[in-house]
Amino acid sequence: MTVVVAVVAMTILHDASRAQEIEDLALGNDKAALWPFGAPGKTESNGGYTTNDYYLPSGIDFSATFEISTGRLVALGKNWAGVGNGPPAGFGDFRFGKTTLSDIKLRAASSGILYKRVSPVSSSSSGAVEFSAFYDVAASANVVRFVASIDRGALGKLHDRYTDKTFENTGSAATLRSLTISTRDYLERTAGNERVLDLGYKPVSWATPSAVKETATPAISLARIKPSQLPVFRVYDGPRNFPDFSGRDSKFSTYRTRITNGMTDGPTFAGEYSVIQIGCGTSCSFVYVADNRTGEVFEAPVGGEDNLSLDLKYDVGSRLMISQWGDYDANKCFVQFYSFDDGDWTELLKREVGTLDACLKTVAENIR
């Protein structure tokens with residue numbers, strides 16, 4: 001198995017004595033703890049285990065499996081139906097319908113565990129494609145399974161854009177649909193115990209929503225955050241297509257000369273984009289990203305008076321952009337990591353790296 005991405009340096013508070021919880025339930029709880037959910041919408045028993053399904057108002061199908069002989073919970077799962085805005089998944093800041101497969105692998109440090117009896121990729125009758133990623137939960141005998149999916153329409157758009165490279169780009173388009181935590185013993189009754197670990201694999205710490213926080217740190221290891229974590233699989237080398245300043249991109253027409261000049265040398269970021277940074281006063285700048293293939297212009301999520309002394313680090317072969325900027329009112333310097341996917345920005349991580357003086361250093365110096 002090939003490593004897709006490496007870990008983002010997120011601080012997750014982990015107490016080994018604290019059970020991993022879904023909907024305030026933990027593995028090992030007695031089945032009596034299910035009473036607040038009322039009567040299950042569906043019940044199925046098989047091989048000494050019973051699984052109850054409950055349909056929650058949030059649009060989540062919540063499942064709980066218990067061992068019949070002991071009454072102890074051995075698996076808990078949440079599956080989102082895909083209707084409306086995806087609710088929080090209950091694991092860190094993950095959200096159904098928003099957190100991507102790439103996000104999951106980025107946070108977990110690897111592609112996870114491959115169970116030989118479980119296909120990592122499957123398709124449904126509707127044409128959707130699902131991707132499974134398994135990880136041991138640190139300091140426990142449990143395994144978490146994330147399932148991300150991409151529907152037929154989105155898959156078709158990817159194919160139109162990437163043709164023979166479609167599969168390599170599904171990670172940024174497939175979004176979280178279900179999360180299940182099981183005891184390893186129960187999981188391997190169906191998945192088998194033959195498994196292969198990805199290169200650099202490590203168990204993940206269970207992250208409750210309240211357990212994820214940003215913590216000040218003087219440096220973030222550059223060895224753990226690299227552009228190669230979010231690769232592109234093709235660099236555009238076709239003709240320059242400049243913005244339509246009289247139509248689609250008219251709101252950027254004030255800066256048409258700066259943007260056009262910034263595209264002259266071709267892509268510098270994420271395979272087909274040029275990054276144009278324009279000054280707006282002392283220590284102030286704002287940033288546009290222009291697509292050399294389509295001419296479309298996008299605003300960067302950082303810049304202006306809220307992000308002074310802005311410095312950027314990016315690469316033509318990666319969708320990762322690292323920004324460094326100062327909050328002059330708070331006398332603090334921050335680094336912030338973003339993924340850029342077809343015009344959409346996703347914040348991956350934000351860290352304080354010191355006082356404003358730290359912003360006098362380069363990005364590379366502050367994250368090494």
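We use all heavy atoms of the structure for the numbers below, so side chains are in, but hydrogens, waters and symmetry mates are not.
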Check the orientation of W345 and F269. Use parallel for under 30°, tilted for 30 to 60°, and perpendicular for over 60°. parallel
Euclidean distance, T170 OG1 relative to L155 CG, rounded to 0.5 Å: 8.0 Å
Quick check for you: to the nearest 0.5 Å, what is the distance between C359 atom SG and Q324 atom CD? 4.5 Å
Set out, in order, the CA-CA distance, both residues' side-chain angles and the distance that settles salt bridge (Lys or Arg N to Asp or Glu O under 4.0 Å) for R107 and D93, then state yes or no. CA-CA 11 Å; R107 302 274 176 98; D93 59 354; 2.5 Å; yes
Heavy atoms of G295 and R248 approach each other most closely as C-NH2, 3.1 Å
Qualifying salt bridge (Lys or Arg N to Asp or Glu O under 4.0 Å) pairs, either residue in residues 32-50, two or more places apart: none
In a check of ring pair (Phe, Tyr, Trp, His ring centres under 6.0 Å) between F91 and each of W206, F96, Y135, which one passes? W206
Please report the interatomic distance CZ(R95) to CG(D103), rounded to the nearest 0.5 Å. 13.0 Å
Taking all atoms of both residues into account, what is the closest heavy-atom pair of N85 and W80, and its distance? C-CZ2, 4.1 Å
Salt bridge or not for K251 and E299, using N-O below 4.0 Å? yes
Just do the side-chain hydrogen bond (donor to acceptor under 3.5 Å, both in side chains) check on S132 and R145 with the steps written out, would you? CA-CA 7 Å; S132 292; R145 179 185 189 179; 2.9 Å; yes
Check whether any side-chain heavy atom of M263 sits under 4.5 Å from a side-chain heavy atom of P243, and report yes or no. yes
Please tell me whether I60 and V144 are part of a single hydrophobic cluster in this structure, the criterion being side-chain heavy atoms less than 4.5 Å apart. yes
Please determine whether residues V232 and V316 belong to a single hydrophobic cluster, defined as Ile, Leu, Val, Met, Phe, Trp and Tyr linked transitively by side-chain heavy-atom distances below 4.5 Å. no
Nearest 0.5 Å, what's the CD1-CG distance between I259 and N261? 10.5 Å
Closest heavy-atom contact between A89 and L176? CB-CD2, 3.7 Å
Should E130 and R177 be marked as a side chain to side chain contact (heavy atoms under 4.5 Å, CB included) after you check the CA-CA gap, both sets of side-chain angles, and the distance that decides it? CA-CA 9 Å; E130 296 186 339; R177 291 297 295 269; 5.6 Å; no
Aromatic contact, F298 with Y288 (centres under 6.0 Å): no
If you measure from the Lys or Arg side-chain nitrogens to the Asp or Glu carboxylate oxygens, is any gap between E67 and R72 under 4.0 Å? no
For the residue pair Y273 and F340, is the inter-centroid distance of their aromatic rings smaller than 6.0 Å? yes
Pi-cation contact, F334 with K350 (under 6.0 Å, within 45°): yes
is_close_aromatic(F146, F94), centroid dist under 6.0 Å: yes
Among side-chain atoms of D291 and Y236, is any donor-acceptor pair under 3.5 angstrom? no
Charged N to carboxylate O below 4.0 Å: is that the case for R195 and D136? yes
Do NZ/NE/NH1/NH2 and the carboxylate oxygens of E194 and R117 come within less than 4.0 Å? no
Test side-chain hydrogen bond (donor to acceptor under 3.5 Å, both in side chains) applied to D249 - qualifying residues, sequence neighbours left out: none
Can you tell if the side chain of S182 reaches within under 4.5 Å of the side chain of V143, non-hydrogen atoms only? no
Spatial distance of atom OH (Y115) from atom OG1 (T190) [nearest 0.5 Å]: 9.5 Å
Give, for atom OG of S323 and atom CG of D311, the distance between the pair rounded to the nearest 0.5 Å. 9.0 Å
Before you tell me yes or no, could you show the steps for T175 and T99 under side chain to side chain contact (heavy atoms under 4.5 Å, CB included), namely the whole-Å CA-CA distance, both residues' side-chain angles and the distance that decides it to 0.1 Å? CA-CA 5 Å; T175 56; T99 299; over 6 Å; no
Taking the side chain as every heavy atom from C-beta outward, state whether V289 and V297 have any atom pair closer than 4.5 Å. no
hydrophobic_cluster_shared for F134 and V147, side chain cutoff 4.5 Å: no
Please determine whether residues F286 and V275 belong to a single hydrophobic cluster, defined as Ile, Leu, Val, Met, Phe, Trp and Tyr linked transitively by side-chain heavy-atom distances below 4.5 Å. no
What pair of heavy atoms forms the shortest contact from T51 to D53, and how long is it? CG2-OD1, 4.0 Å
Evaluate the side-chain hydrogen bond (donor to acceptor under 3.5 Å, both in side chains) criterion for residues N52 and Y54: first the C-alpha distance (whole Å), next the side-chain angles of each, then the deciding distance (0.1 Å), finally the verdict. CA-CA 7 Å; N52 290 342; Y54 303 89; 3.2 Å; yes
Would you say the ring centers of Y49 and F66 fall short of 6.0 Å from each other? no
Passes side chain to side chain contact (heavy atoms under 4.5 Å, CB included), T100 versus T346? Steps please. CA-CA 10 Å; T100 67; T346 301; 5.9 Å; no
Evaluate the side-chain proximity of S318 to P231: yes if any heavy-atom separation is below 4.5 Å, no if none is. no
Sort out for me which residue in V74, L73, N142 forms a side chain to side chain contact (heavy atoms under 4.5 Å, CB included) with I181. N142
Assess whether side chain to side chain contact (heavy atoms under 4.5 Å, CB included) is satisfied between L320 and Y338, documenting all intermediate values. CA-CA 6 Å; L320 177 69; Y338 289 93; over 6 Å; no
pair W325-V302: side-chain heavy atoms closer than 4.5 Å: yes
Under 6.0 Å between the ring centres of F245 and F252? no
Checking side-chain hydrogen bond (donor to acceptor under 3.5 Å, both in side chains) for the pair S274/N292: CA distance, chi angles, key distance, verdict? CA-CA 7 Å; S274 294; N292 286 269; 2.9 Å; yes
Can you find a pair of side-chain heavy atoms, one from R184 and one from L187, that are under 4.5 Å apart? no
Please report the shortest heavy-atom distance between C280 and G304, naming the atom on each side. SG-CA, 4.4 Å
If you apply the rule side-chain hydrogen bond (donor to acceptor under 3.5 Å, both in side chains), what do you find for D244 with S246, and how did you get there? CA-CA 6 Å; D244 176 12; S246 61; 3.1 Å; yes
Would you call D341 and R319 a salt bridge, taking side-chain N to carboxylate O under 4.0 Å as the test? yes
Measuring only between side-chain heavy atoms, which start at C-beta, is V121 closer than 4.5 Å to V129? yes
Write down the atom of S178, the atom of N79, and the distance for their closest heavy-atom approach. CB-OD1, 3.3 Å
Going hydrophobic residue to hydrophobic residue with side-chain gaps under 4.5 angstrom, can you get from F37 over to Y55? no
Give a yes or no on whether D237 atom CG has more than 12 heavy-atom contacts from other residues, nucleotides or ligands under 6.0 Å away. no
Q277 versus L310: any side-chain heavy-atom pair under 4.5 Å? yes
